[in-house]
A.B. asks: 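Can you read through this structure? Questions will come right after.
As the structure is a prediction and not an experimental result, all values here were calculated from the model. For this chain, numbers begin at 1 and follow the sequence in order.
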Amino acid sequence: MDLLALEYFVEVSQAGSFSTASTIIKVSQPTLSRHIKQLEDTLGSRLFQRTGHGVALTEAGETLLRHARPLLAKARQARAEVADSGSSPPESVVLGLAPAAGRVLNIGVARQFVREMPHGKLRIVECFTSYVQEWITSGRIDIGIVYEDSVQSPLESELLWDERYYLVTPRGALGNRVSIDFAEIAGIPLVLSGSPHGLRLKIDRTAAARNVRLNVIFDIDGLNTLLDLVRKRVACTILTRPALHAFDGVDELSVLPIVNPVVTSTAILIRSFERPVTNTTRKLVQIIREQAREIRHRWQP
């Protein structure tokens with residue numbers, strides 16, 4: 001089978017219409033139609049049927065789609081490995097980081113990558129866990145570091161480190177307390193990261209399980225802004241230790257471990273099935289593992 005025709009087949013099946021697929025991959029509709037027709041002729045089966053809104057897969061099309069994705073993944077992997085073994089320069093790799101993970105990981109990873117892969121190209125993108133997962137699934141990024149609480153679809157994953165949750169207050173706001181029960185937080189004005197942040201999902205689920213109604217007065221999607229509001233005594237927040245790393249005003253904050261229950265999240269590495277695994281990607285995974293060992297030593301609860 002023609003691999004290009006197979007790629008076009010997958011794009012049309014995902015888009016649900018030839019016109020939409022044409023726009024997405026910037027290939028004319030006649031070209032798409034011609035390749036799909038050649039593929040149908042080769043297989044001796046009709047792959048799509050017209051609907052009122054576009055096209056739908058036939059039973060033969062459904063069968064082909066199950067085989068097409070792994071076949072194309074194998075082809076991409078073969079191309080990447082051949083390129084790696086030749087004289088081609090190292091390929092670029094894209095790393096997506098949840099914000100808290102980025103606080104403790106991005107600088108160390110970037111420094112080690114430059115040192116060990118001086119000719120490689122690394123792009124780091126920081127965004128919420130749900131977006132990292134979405135971009136991994138669609139193949140826009142190669143590797144993601146997210147928190148397991150908001151990972152919804154099965155992906156190749158690897159545990160990296162655990163993080164404990166703390167109530168972060170302006171310094172001295174709660175006296176000399178050394179911990180706080182989760183239920184007691186109900187009476188405290190909070191500023192929290194908005195959904196779909198992984199940390200916020202875990203907090204909301206814990207509150208629902210304990211029948212605790214939290215007093216969230218602000219949703220803030222910027223970590224520095226959130227911490228500044230706490231430092232300025234507008235409200236308190238719930239974060240993990242790594243989220244406070246490198247914050248200039250940390251000396252003006254108090255950090256109380258939350259108990260009854262102790263709440264934790266696990267940072268995990270997820271990988272794309274849609275992008276080939278190059279030597280550059282393998283090296284980045286190795287670097288992340290080494291950095292994670294240091295983080296576990298410093299931050300593990």
A.B. asks: Is there a path of hydrophobic side-chain contacts, each under 4.5 Å between heavy atoms of I/L/V/M/F/W/Y residues, joining V168 to I217?
C.D. replies: yes
A.B. asks: With distance as the sole test, does R231 use its side chain to make a donor-acceptor pair with the main-chain N or O of L253 at under 3.5 Å?
C.D. replies: no
A.B. asks: So does D41 have more than 12 non-hydrogen atoms from other groups sitting under 6.0 Å from CG?
C.D. replies: yes
A.B. asks: Roughly how far apart are I143 CD1 and I270 CD1, rounded to 0.5 Å?
C.D. replies: 10.5 Å
A.B. asks: Indicate every side-chain donor-acceptor pair of residues 98-109 with a distance under 3.5 Å to a residue at least two apart or in another chain.
C.D. replies:
| residue | atom | partner | partner atom | Å |
| --- | --- | --- | --- | --- |
| R103 | NE | A243 | O | 3.3 |
| R103 | NH1 | H245 | O | 3.4 |
| R103 | NH2 | N224 | OD1 | 2.6 |
| N106 | ND2 | G102 | O | 3.0 |
| N106 | ND2 | E126 | OE2 | 2.7 |

A.B. asks: Is a donor on one side and an acceptor on the other found under 3.5 Å between the side chain of S13 and the backbone of V10?
C.D. replies: yes
A.B. asks: Any donor and acceptor pair, going by atom type alone, linking the side chain of D2 with main-chain N or O of L4 inside 3.5 Å?
C.D. replies: yes
A.B. asks: Which residue is it: K283, Q286, R111? I am looking for the one with a side chain to side chain donor-acceptor pair (under 3.5 Å) to E116.
C.D. replies: K283
A.B. asks: Flag the pair I180 / I185 as yes when at least one side-chain heavy-atom distance between them is below 4.5 Å, and no otherwise.
C.D. replies: yes
A.B. asks: For a side chain to side chain contact (heavy atoms under 4.5 Å, CB included) check, start with the C-alpha distance between Q112 and M117, then their side-chain angles and the critical distance, and finish with the verdict.
C.D. replies: CA-CA 8 Å; Q112 190 173 347; M117 298 288 291; over 6 Å; no
A.B. asks: Set out, in order, the CA-CA distance, both residues' side-chain angles and the distance that settles side-chain hydrogen bond (donor to acceptor under 3.5 Å, both in side chains) for T31 and S28, then state yes or no.
C.D. replies: CA-CA 5 Å; T31 300; S28 69; 2.7 Å; yes
A.B. asks: Testing the basics here: between A110 and L122, what is the closest heavy-atom pair and its distance to 0.1 Å?
C.D. replies: CA-CD2, 4.3 Å
A.B. asks: Indicate the atoms forming the closest heavy-atom contact of P257 with V255, along with that distance.
C.D. replies: CD-O, 3.9 Å
A.B. asks: Would you give the length of the straight line joining atom CD1 of I287 to atom CD of Q291, rounded to the nearest 0.5 angstrom?
C.D. replies: 8.0 Å
A.B. asks: Is there a side chain to side chain contact (heavy atoms under 4.5 Å, CB included) between C127 and V132 once you walk through the steps?
C.D. replies: CA-CA 7 Å; C127 53; V132 175; 3.5 Å; yes
A.B. asks: Kindly assign one of parallel, tilted or perpendicular to the pair F9 and F48, based on the angle between their ring planes and the thresholds 30° and 60°.
C.D. replies: tilted
A.B. asks: So with a 6.0 Å cut-off around CZ of R50, is the heavy-atom count from everything else above 12?
C.D. replies: no
A.B. asks: Keeping the roles fixed (side chain from R200, backbone from S193), state whether a donor-acceptor pair exists under 3.5 Å.
C.D. replies: yes
A.B. asks: Can you measure from CG (L97) to CD1 (I288) and round to the nearest 0.5 angstrom?
C.D. replies: 7.5 Å
A.B. asks: So which atom in W161 and which in A292 form the shortest heavy-atom distance, rounded to 0.1 Å?
C.D. replies: CE3-CB, 3.9 Å
A.B. asks: Out of curiosity, does L71 fall in the hydrophobic cluster containing L3 (side-chain heavy atoms, cut-off under 4.5 Å, transitive links)?
C.D. replies: yes
A.B. asks: Please indicate whether R177 has more than 12 foreign heavy atoms, meaning atoms of other residues, nucleotides or ligands, lying under 6.0 Å from its CZ.
C.D. replies: yes
A.B. asks: Calculate, to the nearest 0.5 Å, the distance between atoms CG and OH belonging to L39 and Y8 respectively.
C.D. replies: 12.5 Å
A.B. asks: Taking atom CZ of R233 as the centre, report whether more than 12 heavy atoms of other residues, nucleotides or ligands fall under 6.0 Å from it.
C.D. replies: yes
A.B. asks: With a 4.5 Å cut-off on side-chain heavy atoms, are E59 and S45 touching?
C.D. replies: no
A.B. asks: Please tell me whether L95 and V114 are part of a single hydrophobic cluster in this structure, the criterion being side-chain heavy atoms less than 4.5 Å apart.
C.D. replies: no
A.B. asks: Is the backbone of T58 close enough, under 3.5 Å, to the side chain of Q49 for a donor and an acceptor to pair up by distance?
C.D. replies: no
A.B. asks: Donor-acceptor check, side chain of K202 to backbone of T264, threshold 3.5 angstrom: yes or no?
C.D. replies: yes
A.B. asks: I need the minimum non-hydrogen distance between G144 and I136, along with the two atoms involved.
C.D. replies: N-CD1, 3.5 Å
A.B. asks: Less than 4.5 Å apart, side chain to side chain, heavy atoms only: is that true for L160 and I295?
C.D. replies: no
A.B. asks: Got L43 and L64 here, is their nearest side-chain heavy-atom distance under 4.5 Å?
C.D. replies: yes
A.B. asks: Taking S254 for its side chain and G172 for its backbone only, find out whether a donor-acceptor pair lies under 3.5 Å.
C.D. replies: yes
A.B. asks: Ring centroids only, cut at 6.0 angstrom: are F182 and Y165 within range, meaning strictly under it?
C.D. replies: no
A.B. asks: Starting at CG of L284, measure out to CG of D142 and round the result to the nearest 0.5 Å.
C.D. replies: 8.0 Å
A.B. asks: So does W135 get a backbone contact from the side chain of R140, meaning a donor-acceptor N/O pair under 3.5 Å?
C.D. replies: no
A.B. asks: Could you see if I203 belongs to whatever hydrophobic cluster contains V262? Use Ile, Leu, Val, Met, Phe, Trp, Tyr and a side-chain cutoff under 4.5 Å.
C.D. replies: no
A.B. asks: Answer with yes or no whether the hydrophobic clustering places V259 together with V263; edges join I, L, V, M, F, W, Y residues whose side-chain heavy atoms lie under 4.5 Å apart.
C.D. replies: no
A.B. asks: Side chains of E7 and H35: does their closest heavy-atom pair fall under 4.5 Å?
C.D. replies: no
A.B. asks: So which atom in L199 and which in L239 form the shortest heavy-atom distance, rounded to 0.1 Å?
C.D. replies: CD1-CA, 3.9 Å
A.B. asks: Using the side-chain contact (heavy atoms from CB on, under 4.5 Å) criterion, which residues pair with S19? Sequence neighbours excluded.
C.D. replies: S17, Q29
A.B. asks: Is T237 close to Y166 at the side-chain level, that is, under 4.5 Å between some pair of heavy atoms?
C.D. replies: no
A.B. asks: Do E163 and R241 have side chains that approach each other closer than 4.5 Å (heavy atoms only, starting at C-beta)?
C.D. replies: no
A.B. asks: Rounded at 0.5 Å granularity, tell me how far CD1 in I36 sits from CD in E11.
C.D. replies: 10.0 Å
A.B. asks: Can you tell me if N215 uses its side chain to pair, donor with acceptor, with the backbone of A186 under 3.5 Å?
C.D. replies: no
A.B. asks: Looking only at non-hydrogen atoms, find the nearest pair between V94 and V125 and report the distance.
C.D. replies: CG1-CG2, 4.2 Å
A.B. asks: May I ask you to decide if F18's main-chain N or O and S22's side chain share a donor-acceptor pair within less than 3.5 Å?
C.D. replies: no
A.B. asks: Can you find a heavy atom in the side chain of L214 that is under 4.5 Å from one in the side chain of V212?
C.D. replies: yes
